[in-house]
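What follows is a short report on a single structure.
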Amino acid sequence: MPTLFERIIAGDLPATIVHRDDRVTAFRDIQPRAPTHILIVPNKPIPTANDIADSDEALIGHLFTVARDLAKREGIAEDGYRLIINCNQHGGQEVYHLHVHLLGGAPLGAMVAKHS
Ligand code: DGP
């Protein structure tokens, strides 16, 4: 079964695409948690951060240079933003296709809830 994000990348599911190249696709999150909330996704399906191979290093670097460029284009680079990768259950991962969240456009508050 293709992941939700593979279907978006293939054009089988609608999404607001903001960047596309031969390695990475970026689109707006359907449930935005900030004025800017973009998901930056490798075109090849890597399920979680645990599944990143040594040979994926350049691809992972590319996710971050795309994030940097999108932050600039969205006008949030100077004020600042947050990049998040959730992994597995404790990380709160919902879609098992690796993605970087780019969040910004307003103060984002504490990084995570305090651990009691
Ligand atoms: P995570 O918890 O890190 O796996 O985040 C998954 C994100 O994906 C979550 O913020 C909501 C978003 N999302 C889920 N389904 C869709 C969809 O069909 N389209 C778009 N654009 N985003 C989606």
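All ligand and atom numbering here is 1-based and tracks the order in the structure.
- Looking at atom 2 (O) of ligand 1, its nearest protein heavy atom turns out to be Gly92 O, 2.9 Å.
- By the 4.0 Å heavy-atom criterion, Leu39 is counted among the residues contacting ligand 1.
- Side chain of Gln93 to backbone of Pro47: a donor-acceptor contact under 3.5 angstrom is found.
- Contacts of Leu13 with ligand 1, taken as heavy-atom pairs under 4.0 Å, are absent altogether.
- Nearest heavy atom pair, residue Ala110 against residue Arg82, reads O-NH1, 3.4 Å.
- The protein non-hydrogen atom at the shortest distance from atom 15 (N) of ligand 1 is Leu4 CD2, 3.2 Å.
- Between Leu4 and His97, every side-chain heavy-atom pair lies at or beyond the 4.5 Å cut-off.
- Remark: distances from the non-hydrogen atoms of Phe5 to ligand 1 include one below 4.0 Å.
- Polar contact check, His101 against ligand 1: a nitrogen or oxygen pair lies under 3.5 Å apart.
- No side-chain heavy atom of Ile84 sits under 4.5 Å from any side-chain heavy atom of Val100.
- The shortest N or O to N or O distance between Glu94 and ligand 1 is under 3.5 Å.
- Within the 4.5 Å cutoff, the side chain of Ile46 has heavy atoms near those of the Leu59 side chain.
- Rounding to the nearest 0.5 Å places NE2 of His99 at 6.0 Å from CG of Asn86.
- Checking only distances, Phe27 never comes within under 3.5 Å of ligand 1, N or O to N or O.
- Tyr81 approaches Arg68 most closely through the heavy-atom pair OH-CA, 4.2 Å.
- Protein heavy atom closest to atom 22 (N) of ligand 1, with residue, atom name and distance, is Ile30 N, 3.2 Å.
- Taking any N or O of Asn86, backbone or side chain, at least one lies under 3.5 Å from an N or O belonging to ligand 1.
- Taking CG of Leu98 as the start and CG of Asp56 as the end, the distance is 9.0 Å to the nearest 0.5 Å.
- The single protein non-hydrogen atom nearest to atom 21 (N) of ligand 1 is Arg28 O, 2.9 Å, given as residue, atom name and distance.
- Not a single N or O atom of Ala15, backbone or side chain, sits closer than 3.5 Å to an N or O atom of ligand 1.
- His19 and Asp69 share no donor-acceptor pair across their side chains, judged by distance under 3.5 Å alone.
- Ring geometry, His101 versus His37: the interplanar angle falls from 30° to 60°, so the pair is classed tilted.
- Residue contacts with ligand 1 include His99, since one of its heavy atoms falls under 4.0 Å from the ligand.
- Side-chain contact between Asp21 and Val66: present, with at least one pair of heavy atoms (C-beta onward) separated by less than 4.5 Å.
- Atoms of ligand 1 lying under 4.0 Å from at least one heavy atom of Gln93, given by number and element, are 2 (O), 4 (O).
- Contacts between Ile8 and ligand 1 below 4.0 angstrom, taking non-hydrogen atoms only, involve the side chain exclusively.
- Closest protein heavy atom to atom 11 (C) of ligand 1: Asp29 OD1, 3.3 Å.
- Every atom of ligand 1 with a heavy atom of Val95 under 4.0 Å away is listed here by number and element: 4 (O), 6 (C).
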